[in-house]
2 protein chains.
Amino acid sequence: MPNPRKPAPVGAEHAPLELEHFLPYRLSILSNTVSQAIADDYQRRYDLSVTEWRVMAVLARFHGLSAREVAERTAMDKVAVSRALARLVEAGRVHRETHDGDKRRSVLNLTEAGWLIHDDVAPMARNREREVLAKLDAEEQEWLTRILDKLLAH
Amino acid sequence: MPNPRKPAPVGAEHAPLELEHFLPYRLSILSNTVSQAIADDYQRRYDLSVTEWRVMAVLARFHGLSAREVAERTAMDKVAVSRALARLVEAGRVHRETHDGDKRRSVLNLTEAGWLIHDDVAPMARNREREVLAKLDAEEQEWLTRILDKLLAH
DNA sequence: ACGTTATAGTTACAAATGAAACTAATTGCA
DNA sequence: TGCAATTAGTTTCATTTGTAACTATAACGT
């Protein structure tokens, strides 16, 4: 009987995936490359993780959110948000108080220190985005927006 | 003096990022959603991680690679590959021998058992890709390919 | 040939992440 | 009212991952 641990003789019948043309794989490479480039700008400088930065970014836009609302807006799960908030509050970057009529909920806002970081990091992030988009001409950029809109639609 | 842990009064001068229109964020959401859908197909069934599946996919296409070559082709780092290979060899899905003229290198191939898994998972992965692309019309699909080619170039 | 440097791969340890259990507060409803 | 079910958020524990250090072999330069 054939030993299953031996390398198998290869016929032509297998049809392997070609990763370099496989959409999920290409998206993953691109996403990681871009996110990492941005993260490199602030991780060392501010000791700030990607999840923490995302939490700060939504709190910059929407004031007084609860942790659950932050989770919804960042597409992160509530445990990740809880941990990010613990660090951000500890570092004095986010202010947390208890919601008036509902003691389970927190009311979250950036502190002055949080805003200073935000106002430094946000332009860097936008620059990185611009660098990526600069590889495309105007028409391609429009298609990309449209395609992402469709692929991300609920 | 102002207490830095208090929530800051917000002026109009901050220009927060709009995550829902921010390319890196959208790519990240899309990539995770798609990869997770595929992973759901095989993780439970075969106790196979995403990194292990990627290693199997390249070994299906290229026979007798070394671990370093697998790392190059998967864009994973060598430690991740080493760990994935340890599990795959242990599970009898990959055969590992030592390279003839260079005892540092391994020579990797799928086993018969590995091929059986590959031949089941590869079509499922292709189906998921097709489902994603089905949200786009033919013209959009062509633009997406072209755009990813440009963004991923060197 | 011999010492230095580089390469292939693994191991060890710390940090990040995920799933489930948990606490506390609120809501729904008999 | 009172009790079950839900919701917000945290904690715990196991697994994964990332970085650096390490072992073994090979290549290079003199």
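The chains referred to below are lettered A, B, ... by the order of the sequence lines, with proteins before strands, and numbering in each begins at 1.
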Student: Could you tell me whether the phosphate oxygens of D/dT6, OP1 or OP2, come under 4.0 Å of any side-chain nitrogen or oxygen in A/R105?
Tutor: no
Student: Among residues two or more places apart or on two chains, list those pairs meeting side-chain hydrogen bond (donor to acceptor under 3.5 Å, both in side chains) that have a residue in residues 71-82 of chain B.
Tutor: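 Sorted result for residues 71-82 of chain B: B/R68-B/E72.
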Student: Can you pull every protein N or O that's under 3.5 Å from an N or O on nucleotides 12-19 of chain C?
Tutor:
| residue | atom | partner | partner atom | Å |
| --- | --- | --- | --- | --- |
| C/dA12 | N6 | B/R83 | NH1 | 3.4 |
| C/dG18 | N7 | A/R83 | NH2 | 2.6 |
| C/dG18 | O6 | A/R83 | NH1 | 2.9 |
| C/dG18 | O6 | A/R83 | NH2 | 3.3 |

Student: Within the supplied structure, the quantity of interest is the number of heavy atoms (other residues, nucleotides, ligands) at a distance under 6.0 Å from A/D100 CG; does it exceed 12?
Tutor: no
Student: Count the heavy atoms of every other residue, nucleotide or ligand shown that sit under 6.0 Å from NZ of A/K103, and state whether that count exceeds 12.
Tutor: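 Counting other residues, nucleotides and ligands, NZ of A/K103 stays at 12 neighbours or fewer.
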Student: Mind checking side-chain hydrogen bond (donor to acceptor under 3.5 Å, both in side chains) for B/S28 and listing every partner two or more places apart, or none if nothing turns up?
Tutor: A/R54
Student: Going by the rule side-chain contact (heavy atoms from CB on, under 4.5 Å), which residues pair with B/A125 if we only count those two or more places apart in sequence or in a different chain?
Tutor: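 B/A125 satisfies side-chain contact (heavy atoms from CB on, under 4.5 Å) with A/L17, A/F22, B/I38 only.
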Student: For B/M76 and C/dT10, give me the distance from atom CE to atom P, rounded to whole Å.
Tutor: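 Interatomic distance, CE of B/M76 to P of C/dT10: 12 Å.
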Student: Between P on D/dT16 and CD on B/Q36, what's the gap in Å once rounded to a whole number?
Tutor: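 So the CD-P distance, B/Q36 to D/dT16, works out to 14 Å.
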Student: Measure all distances between protein nitrogen or oxygen atoms and nitrogen or oxygen atoms of nucleotides 23-25 of chain D, and list the pairs falling under 3.5 Å.
Tutor:
| residue | atom | partner | partner atom | Å |
| --- | --- | --- | --- | --- |
| D/dT25 | O2 | B/R104 | NH1 | 3.3 |

Student: Counting only side-chain nitrogens and oxygens, does A/S66 get under 4.0 Å of the OP1 or OP2 atom of D/dA8?
Tutor: no
Student: Partners of A/H99 by side-chain contact (heavy atoms from CB on, under 4.5 Å), sequence neighbours excluded?
Tutor: A/D102, A/R105, A/V107
Student: In whole Å, I'd like the distance from the CD atom of B/E52 to the C1' atom of D/dT15.
Tutor: 13 Å
Student: Salt bridge (Lys or Arg N to Asp or Glu O under 4.0 Å) with A/R87: which residues, sequence neighbours excluded?
Tutor: A/D47, A/E52
Student: Taking only residues at least two apart or on different chains, which pairs with a member in residues 64-89 of chain A satisfy ring-ring contact (aromatic ring centres under 6.0 Å, His included)?
Tutor: none
Student: So, using ring-ring contact (aromatic ring centres under 6.0 Å, His included) as the criterion, who are the partners of B/Y46 when residues are at least two apart?
Tutor: none
Student: Return the angle between end axes of the helix from C/dA1-D/dT30 to C/dA30-D/dT1, with five pairs used per end and rounding to 10°.
Tutor: 20°
Student: Under 4.0 Å: is that the gap between some side-chain N or O of B/S106 and OP1 or OP2 of C/dA8?
Tutor: no
Student: Rounded to the nearest angstrom, tell me the gap between atom NZ in A/K78 and atom C1' in C/dT23.
Tutor: 11 Å
Student: Nearest whole angstrom, please: distance from the P of C/dT7 to the CD of B/E72.
Tutor: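 My rounded result for the distance is 12 Å.
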Student: Checking B/A75 now: which residues fulfil side-chain contact (heavy atoms from CB on, under 4.5 Å) with it, not counting sequence neighbours?
Tutor: A/Y25, A/I29
Student: Kindly write out the residues that satisfy side-chain contact (heavy atoms from CB on, under 4.5 Å) with A/R44, not counting sequence neighbours, or none if the list is empty.
Tutor: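 So A/R44 forms no side-chain contact (heavy atoms from CB on, under 4.5 Å) with any residue.
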Student: Let me know the distance between CD of B/E97 and C1' of C/dA8, rounded to the nearest Å.
Tutor: 16 Å
Student: I need the CG-C1' distance between B/L85 and C/dA8, as an integer number of Å.
Tutor: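 Spelled out: CG on B/L85 to C1' on C/dA8 is 12 Å.
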